[in-house]
Amino acid sequence: MYGRDPWGTPLEINAADSATDDDRSRNLQDFDRAALSSRPLDETQQSWLLGPTGEKKKKKYVDLGCIIVSRKIFVWTVGALVASALLAGLITLIIEKIPDFFLIAGKLPKHNNVSWRGNSCVRDGEPNTIFKDLSGGYYDAGDAIKFHFPKAFSMTMLSWSVIEYSAKYEAAGELNHVKDIIKWGTDYFLKTFNHTADSIDRIVAQIGSGDTSGGNTAENDHYCWMRPEDIDYDRPVTECSSCSDLAAEMAAALASASIVFKDNKAYSQKLVHGAKTLFKFSREQRGRYSAGNSEAATFYNSTSYWDEFLWGGAWLYYATGNSSYLQLSTTPGLAKHAGAFWGGPDYGVLSWDNKLTGAQVLLSRLRLFLSPGYPYEEILRTFHNQSSIIMCSYLPVFTSFNRTKGGLIQLNHGRPQPLQYVVNAAFLAALFSDYLDAADTPGWYCGPNFYSTDVLRDFAKTQIDYILGKNPRKMSYVVGFGNNYPKHVHHRGASIPKNKIKYNCKGGWKWRDTKKPNPNMIVGAMVAGPDKHDGFHDVRTNYNYTEPTLAGNAGLVAALIALSGEKSNGIDKNTIFSAVPPMFPTPPPPPAPWKP
């Protein structure tokens with residue numbers, strides 16, 4: 001079997017180690033694209049990745065006295081320097097405010113800093129006989145439903161960003177804050193299954209309901225427009241017993257958080273045990289969590305669980321050092337099922353549904369810094385190559401993804417709510433750039449062309465710049481940042497005043513439908529974003545423009561912290577490997593001196 005390589009060169013894996021041969025493979029010579037590429041692209045390859053070609057224009061140059069450079073490079077460099085200085089100031093300012101949007105469910109903790117919030121849904125779980133206390137956690141978006149699949153992904157992303165950039169969080173004065181946010185999420189997840197057991201047969205998938213299909217007028221979290229603090233209708237508990245994707249993602253969340261809290265040994269071990277139990281359950285009880293759940297299929301449908309096996313296995317390896325998890329995550333057959341060796345329109349897009357790209361970058365880290373060698377090298381090299389190809393696809397010169405006229409990459413191909421995918425790509429690009437820098441590698445190849453790590457950071461910065469207001473509408477899509485940002489956010493709690501009046505299910509509709517701005521500012525919340533024409537409608541009733549989500553904002557936090565500070569500050573190379581034993585046996589002691 002061979003890996004997908006848009007330039008035509010395969011990334012060979014021993015066919016004996018894979019489930020079946022890839023029909024799209026070509027019997028070409030094995031090649032490590034992560035290390036080097038010097039072969040020019042033929043016409044077919046150029047059309048696939050570069051788009052139409054034409055006559056080459058004559059290059060213009062600028063004489064700087066000591067050196068003559070291309071005018072395009074000169075303008076780009078000066079612009080990049082100016083933009084870098086501006087963005088550094090923006091990120092430093094916004095990172096201090098961004099965690100405010102994580103809207104807490106249950107009894108508010110001490111670290112709550114949102115004045116218009118109060119205790120809410122403290123009876124979640126009642127009268128369930130097994131999971132009696134399901135209060136806590138976070139609401140998903142503009143409603144009060146707790147969807148555990150995207151929530152678990154959100155906690156994993158936050159933990160990943162803390163593991164890599166804890167020094168940057170500390171410099172911003174936000175390290176303890178973000179750790180509180182993660183712990184509130186992981187404490188909640190420990191309630192959703194029997195975390196003290198070694199084996200389980202069910203987990204909780206969702207709290208609340210949003211079914212309004214067929215004219216359903218039953219009071220629920222979508223039909224009603226109420227402050228979470230005022231909810232008095234029944235909130236059903238949805239369990240699942242065959243949900244590999246959800247369980248493996250929850251395992252990833254707990255495993256990654258165990259590294260964040262490694263200095264709290266008892267809590268870290270509790271998280272590791274829970275992660276092991278969940279992952280075992282995910283492997284034994286195969287199935288997609290949304291297959292038997294109509295609401296999950298409607299709102300957060302999962303397309304596969306193989307990517308979660310890779311993702312969860314990788315995080316459990318880092319959390320435990322147990323090589324069985326690494327062996328699983330580097331099994332070619334599993335990677336093939338996850339789609340690691342061929343493309344498709346969404347290849348390279350990290351999201352709450354598909355973690356393949358994140359898993360490949362995460363496992364590339366292992367190759368870059370520990371280089372474990374046989375028997376892992378072939379598949380890790382493939383993951384590294386594929387990660388490099390994905391980074392190429394993010395660059396403007398390639399046409400894997402369209403861009404709006406304003407420059408926003410269309411990772412979801414013009415569909416609504418694009419920003420949640422953009423911030424994840426910005427985080428991965430900045431992170432991969434920092435990986436290469438930390439490995440003393442100045443860049444990477446896309447076909448015959450070499451690109452410096454600065455190009456990846458520039459991609460990430462331009463996308464974040466767009467989100468913060470450098471777009472045709474001069475609109476900041478982060479609430480409270482800049483002078484022009486959404487004032488009619490699709491969010492029940494933010495749109496209803498805290499005025500000691502309890503508005504019932506339909507009583508809140510007047511606040512949903514009013515054209516007045518929200519009375520409460522949900523500071524730091526990134527909304528769904530513009531359409532494919534850079535258009536945006538600041539209308540509360542259109543969630544495709546104005547609704548913030550937990551998963552999208554977790555990605556924004558990760559991207560912002562990755563881009564903050566000086567480039568030289570980089571990543572923490574070692575913390576993620578704290579539980580990983582030496583990759584090679586310790587050499588034996590030298591023999592005793594010979595005595596005649």
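Nothing fancy with the numbering, it's 1 onward along the sequence. Every value quoted in this text rests on a predicted model; they were computed, and no experiment measured them.
Atoms CG and CZ, from D124 and R235 in turn, are 4.0 Å apart once rounded to the nearest 0.5 Å. In this structure, the separation between CD1 on I389 and NE2 on H384 is 11.0 Å, given to the nearest 0.5 Å. Note that the CH2 atom of W225 and the CD1 atom of I496 stand 7.5 Å from one another [nearest 0.5 Å]. Here F279 contributes atom CZ and F309 contributes atom CZ; the two are 6.5 Å apart, rounded to the nearest 0.5 Å. Residue T549 holds its OG1 atom at 11.0 Å from CG of D143, rounded to the nearest 0.5 Å. One finds the OG atom of S329 at 11.5 Å from the CH2 atom of W311 (value rounded to the nearest 0.5 Å).
Two residues are said to be in side-chain contact when any heavy atoms from C-beta on lie closer than 4.5 Å; R288 and N301 meet this criterion. Contact of the L310 side chain with the L356 side chain is registered, since non-hydrogen atoms from C-beta on lie closer than 4.5 Å.
For R283, the CZ atom counts as densely surrounded, since its 6.0 Å shell holds more than 12 non-hydrogen atoms of other residues, nucleotides or ligands.
Checked against the 6.0 Å centroid criterion, the rings of H491 and Y139 do not qualify as a close aromatic pair. With ring centers used as reference points, Y267 lies under 6.0 Å from F261.
Scanning for side chain to side chain donor-acceptor pair (under 3.5 Å) contacts around N216 gives an empty result, with sequence neighbours left out.
Taking a cutoff of 4.0 Å between a charged side-chain nitrogen and a carboxylate oxygen, D572 and K262 do not qualify as a salt bridge.
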Output, in order, the C-alpha distance, side-chain angles, deciding distance and verdict of side-chain hydrogen bond (donor to acceptor under 3.5 Å, both in side chains) for Y347 and S393.
CA-CA 10 Å; Y347 191 83; S393 74; over 6 Å; no

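Between the side chains of N194 and T196, at least one donor-acceptor pair of N or O atoms lies under 3.5 Å. Checking S387 against Y435 by side-chain atom types alone, no donor-acceptor pair falls below 3.5 Å.
Here side chain to side chain donor-acceptor pair (under 3.5 Å) pairs that include residues 421-432, with residues two or more places apart or in two chains, number zero. Here salt bridge (Lys or Arg N to Asp or Glu O under 4.0 Å) pairs that include residues 179-197, with residues two or more places apart or in two chains, are D133-K191, K183-D187.
Side chain of S258 to backbone of S268: no donor-acceptor contact under 3.5 angstrom is found.
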